[in-house]
Every structure is written in structure tokens, then in C-alpha cells.
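Lettering of chains follows the sequences in order, A, B, ..., and the numbering in each one begins at 1.
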Amino acid sequence: MDNLAIARIFSEIADLLEIKSENPFKIRAYRNASETIAYATERLAYCTEDQLRAIPGIGKDLASKIREIAETGEARYHRDLLEQFPTTILDLLRLQGVGPKTVAQLYAQLGIRTVDELEAACREGRVRALKGLGAKKEQLMLKACAERKQHAGRHLLPDASEAASLLLEYLRAECSTVTFVPVGSVRRGADTSGDIDILATGTDPHVMATFTIYKLVDRILGQGETKSSVLLWGGIQADLRLVPEESHGAAMQYFTGSKAHNIALRDRAMSRGLKLNEYGLFRVEDGALVAGRTEAEIYDALGLVEIPAELREGRGEIEAAELDALPHLVTLADIQGDLHSHTTETDGRDDIETMAIAARDAGFRYLAITDHSQALAMANGLDEHRALAHAQRVRDISHRLEGITLLAGIECDIRPDGAMDLADDCLAQLDVVIASVHSAFNQDEAQMTDRMLRAVTCPYVDIIGHPTGRILLRREPYKVDVRQLIEAAAEAGVALEINAQVDRLDLSDAHAKSARDRGVKIVISTDSHAAGGFRQMRWGVQVARRAWLTKDDVLNTRTVAEFRAGLRRNRRL
DNA sequence: GCCGTTTTCGGCCCGACTGTTTTCAGTCG
């Protein structure tokens, strides 16, 4: 039982208690604990009750529940709650604009348990009959249902990757003579995945049976000799395909995709009198096998250097490979610092020093502490006075610590009219300023674009944080004209952020590539709210790689001195 | 449910916005 599984159970308990209108502080205790557990560095299933109780936010009761989950895989309290409400009710809670009170009301008065039932009830005008709900709310709910359906069956990259690596670990242990590799969108590092694809090469006759009896299989969707599909616990589908040794490379290529890349590649094969499929590259005239054992062999036979999986999206990679002009992609090891983090001074979970040490342990040479500004009241955002005092503490601690440099910064809100949330003379005294939108998300495109362009013109803004505001599988980006934003950033010398939070990954790969093409510098930041957050850097780097970024394109691959020299504020001096 | 005590209860974050209201409840960040 890994930490995330325990965290998920606590989070579900919190959701269910909310629907029951339980004591809000009890709910918060479960939610806090869920986050703490998800971020914890050691595996809590191996901890004793005393060790667990030493963790802030985990008391007697929660410690014993963690032990119970570690030993039995489940908590009785959680099961009891689920008996009072159907599990599907939790899907309703994830709809935009639908909270616990509404879910409780919908279930109690209309018996609504699923998104489909809610959709039907809205269409029939039954929802507006409930107290506090009207026709307009019905429309919003219909829209939320439609958005949900659009995302149904998709999963965030880390979820899919984690499920894939557990499955691979199991398969490799059980069938040692067979080679297993992840393919599909997980191998390409796409920000969301529809399913997990695994390729097996070898001759073990038990491979398929081994796959379908995996302990996390919820349901077998299909089972054959060369292809099987299962639905895993948690709703992720996994497909396994078995191919003979001589087709390994061709199958890897074929099943890694993407579709657009494969079509272009097959097209190229055809124009050379060749045919490409999952079994190999063949000559059309006599059917002779030209290549198939490795991917490199296949690309080579098509006159191309091997293309990294992340670039196989049909965005010009074949043309670049033909000229041997593929970028040398940035790696996690190139990253020297992190430029976006929060502490207990606003909505972070750990203090400055704890964050600094965790960043150092994660391999970073520098860290910018960038807490929120005053507009974010719920996060206890900083006004000018507190921001400067906080900056002083950051600098003091930086002097004291070995092996890491702290930069005193801020994540300053961009107000709805585009003004900065803090005065210029305050921003001028900080080392680095990120400007971000956290309010009035529903402005129209003209307003939102003007707002962000105005932020870019502020001479003390160095970086635009999570520039489109998307929350993957949950919230559409705000309506900002990214092209104009990139143009403005290029002219002003403002960097754009790739926020590595797994449900943001914002900029997206496609936008980051446009920014790079226009010469805009990129920073990759974890936006860590706790000491465990620095591990998320890898997901941001994954986006950067898919965006064709090299080490030179990314500001935080530089040393701290080079980085500071490259900031807009210092260049204009 | 956790925490920190002034040791065994009382405090724990809140402002803006929206759609529903006629004074506010629910949701979001």
C-alpha cells in the first residue's frame, strides 16, 4: 500500500463527511492528513503508530487508521461511509460548481447518484425545483456534465506512469524471460493518457494469463494470445501486446505512436517503396524484411536519425530528423534551481528553512521563495510590509545555509485590471517576481489578454506563472490569446513558466514550443507548497522535452549568478 | 480530528462571486 493510496482513502473520507455536513474542522483534519501523506517522503505503511503520531496533523485516531489500511488494505470507517452513499456520488462532487451541499440535496431529494442521472434531471427541468437552485444553475450543471464526459477515461501522466511502473515491476518479476516496455502516450510523456500500453517480446506462453491475474486488475476486458486488455483498480485501462523478437523495434515504434507521427512515417515508407507496420519495415516488391528488430534500425532505413519518443507528435520532427537537426533535449539533471515555491508564511506547509533543505536534497543549487501577495486572502497573502520582512528572513537564512542559495521573491497577483497587487517599489526590492492570475477567471478573451499584457509591461515582472490557468481534466484555460502573450513576453524579455504541478503542466508542450520558437525563455518550476513537492520537477521537464526545449532554452539550467544576470530587471540596468 | 495548553476543552482561515435571493447559501480559490 503506497502513500498515495492511503492519501486517496483519507481524501474520500473528507469528501463523504462534507456531503454529510459533518464538523468542518474534522473534515479539514482528514484533508490535511491526506495531503501530508501524499507528500511524505517515507513509506508510511512501514511506520509504527508512534512514528506516525510524530507527523504533524496525524494524531492517535488517524495513526491507527493508517496502520489499519497498511495491514488490511482498507479502513472500516471508510467502508461504512461508502455504505451510506454510492461511490459514484463522489464523481458529482468533481463537477465544476457542484459542492457537497448540492450533492447531498440532489441525492436526498431526487435520488441522483451519477453524472448521467444529473444530466437527465437537468434536461427534464427537475433540478430547478430544488431550493436554492434555478434554471441558470441547471445550465451550468449541464455544461459541467458535458465537460466531464469530454475528459472521461483520461488520466494524469503521473497516475498513468505510476500504474504502469507497478504493473511492469510485477510482469518482469513473474516472466523473467520476457522483455516488457511501456509504449503509447505514457512513453511519449503526454500530459494525460487514455490507457496504459505495454509491449512484451518473447515466447513465454503464460504471459497473458500472468497479466490478467495481476492483483490490481478490476475486470478483464479481453484476453487473447497476442493481445489482452484489463481495467485496473482506479479506472485505468491497460493493454498488453505480445510480439516475436524480430518485430520488437517495429512494434515499439508502432505502439508508441502518436497516430500523426505514424501516419507521416508510413507515408515516408510508401514513397520509398517500403511498407511499415507493427511487424517490421518491408520492401513492397518482394515482401522482404528490411528492418524491425530495433527502432533505430527502422528510422535509419527511412533515412532518419532516431527520434526521441517525446517528439513523436507530427510537429515537424520527421523533417528535423531528416536534416539531423533534432534538438538536444533538456534533462532533469540539467536543472540547477527551482523558481517557484511557497512557505507557511502564506499557504505552504513547511517553513523557509525546511523548504530550502528539501530543495538542496532534491539536487537544486538555488530556490526562489515566492509566497502569495495580499489579493489571495485565503492564502494569507503578503502586503508590501510583510513581503519585505519575509524577504529579509529568506536572505538571512540563505546566508546561514550551506549548499543552496535562496532568492527572495513573490508570486504577485495580477489584478483583474492588469495592475500588480503590490507597489513597484516593493517589487523592485525583491530578487525575482512571478506574476500570476488567481481571480476573475471568467473574463472574456479581450479583457484577459489585455490584463496579462499589462502585467508583462510592469518592469519588475520577471516571469509569468502558470500562464493559461488550466487544470487538467477539470478546468479549461482562461481565455487568453497565448500568441499575443508570447509576442509581448518576447519583446519585454519576460520568461514564461512551465508549472510542473501535475494537474497544471502549464504552459502546455505546444505553447511552450511556440514560445521557444519565438525566442522566449522558459523557466520550469515546481510551485511546491511542501518539502515533498520538489520531486514534481520531472513532470515539468517532461513537458519541456515535448516542447523541443534544450538546456539553453531553460533559464533554471543556469547557475544562480547566470540566472540572475539573465533576468529582465538586471538586464535593463 | 488535531493541537496545545492558561492540562482536557476551545480554537482551528476567509473574501469574492454567483445565482438565488429580499438577506443569503454555496462554491471557489
Spacing of the C1' atoms in B:dC17 and B:dG11 (rounded, Å) | 28 Å
Spacing of CG belonging to A:L507 relative to OG1 belonging to A:T468, to within rounding of 0.5 Å = 7.0 Å
Between A:L376 (CG) and B:dC28 (C1'), how many Å, whole number?
-> 11 Å
Flag the pair A:H438 / A:H466 as yes when their ring centroid distance falls below 6.0 Å, and as no otherwise.
-> yes
d(A:Q105 CD, A:L130 CG) to nearest 0.5 Å is 5.0 Å
Taking atom CZ of A:R79 as the centre, does the number of heavy atoms from other residues, nucleotides or ligands within less than 6.0 Å exceed 12?
-> yes
With a 4.0 Å cut-off on heavy atoms, is A:A144 in touch with a base, just the backbone sugar-phosphate, or nothing at all?
-> nothing
Strictly by modelled atom types, are A:N499 and A:D527 linked by a side-chain donor-acceptor pair under 3.5 Å?
-> yes
If we take the C1' atom in both B:dG15 and B:dG10, what is their distance in whole Å?
-> 25 Å
Look at all strands and tell whether A:L93 reaches a base, only sugar-phosphate, or nothing, counting heavy atoms closer than 4.0 Å.
-> nothing
Which of the following nucleotides, B:dG1, B:dG15, B:dG19, is nearest to the side chain of A:Y77?
-> B:dG1
Residues in side-chain hydrogen bond (donor to acceptor under 3.5 Å, both in side chains) with A:R94, at least two apart?
-> A:D15
Interface with DNA chain B, restricted to residues 16-29 of chain A and to heavy atoms under 4.0 Å | A:N23, A:F25, A:K26, A:R28, A:A29
Can you sort out which residues in residues 97-110 of chain A have a heavy atom within less than 4.0 Å of DNA chain B? Ascending by number, please.
-> A:G97, A:V98, A:G99, A:P100, A:K101, A:T102
Flag if over 12 foreign heavy atoms under 6.0 Å of CZ, A:R483 | no
Whole-angstrom distance between B:dC13 and B:dC28, as gauged at atom C1' | 14 Å
Rounded to the nearest 0.5 Å, how far apart are OG1 of A:T343 and CG of A:D347?
-> 9.0 Å
Measure from CD on A:Q374 to C1' on B:dC13 and round the result to the nearest Å.
-> 17 Å
Base partner of B:dC9, which must satisfy Watson-Crick or wobble distances under 3.5 Å | B:dG4
Classify the angle between the aromatic ring planes of A:F10 and A:Y30 as parallel (below 30°), tilted (30 to 60°) or perpendicular (above 60°).
-> perpendicular
With the side chain of A:Q96 defined as its heavy atoms from C-beta on, choose the nearest nucleotide among B:dC28, B:dG1, B:dG15.
-> B:dC28
DNA chain B contacts made by residues 59-68 of chain A, counting heavy atoms under 4.0 Å | A:G59, A:K60, A:D61, A:L62, A:K65
Which whole number of Å gives the distance between the P atom of B:dT5 and that of B:dC12?
-> 15 Å
Whole-Å distance, A:L140 CG to B:dT18 P, equals 11 Å
Expected label for B:dT18 (glycosidic angle, syn inside 90° of 0, else anti) would be anti
A:D15 CG to B:dG1 P: how many Å, rounded?
-> 16 Å
Residues within residues 439-456 of chain A bordering DNA chain B, heavy-atom distance below 4.0 Å = A:F441, A:N442
Give a yes or no on this: more than 12 heavy atoms of other residues, nucleotides or ligands lie within 6.0 Å of atom CZ of A:R113.
-> no
For residues 418-431 of chain A, tabulate all N or O donor-acceptor pairs below 3.5 Å that involve a side-chain atom, not counting sequence neighbours.
{"residue": "A:D421", "atom": "OD1", "partner": "A:R415", "partner atom": "NE", "Å": "3.1"}
{"residue": "A:D421", "atom": "OD1", "partner": "A:R415", "partner atom": "NH2", "Å": "3.3"}
{"residue": "A:D421", "atom": "OD2", "partner": "A:S373", "partner atom": "OG", "Å": "2.7"}
{"residue": "A:D421", "atom": "OD2", "partner": "A:Q374", "partner atom": "N", "Å": "3.1"}
{"residue": "A:D421", "atom": "OD2", "partner": "A:A375", "partner atom": "N", "Å": "2.6"}
{"residue": "A:Q429", "atom": "NE2", "partner": "A:D425", "partner atom": "O", "Å": "3.0"}
{"residue": "A:D431", "atom": "OD1", "partner": "A:R395", "partner atom": "NH2", "Å": "3.0"}
{"residue": "A:D431", "atom": "OD1", "partner": "A:R564", "partner atom": "NH2", "Å": "3.2"}
{"residue": "A:D431", "atom": "OD2", "partner": "A:A408", "partner atom": "N", "Å": "2.8"}

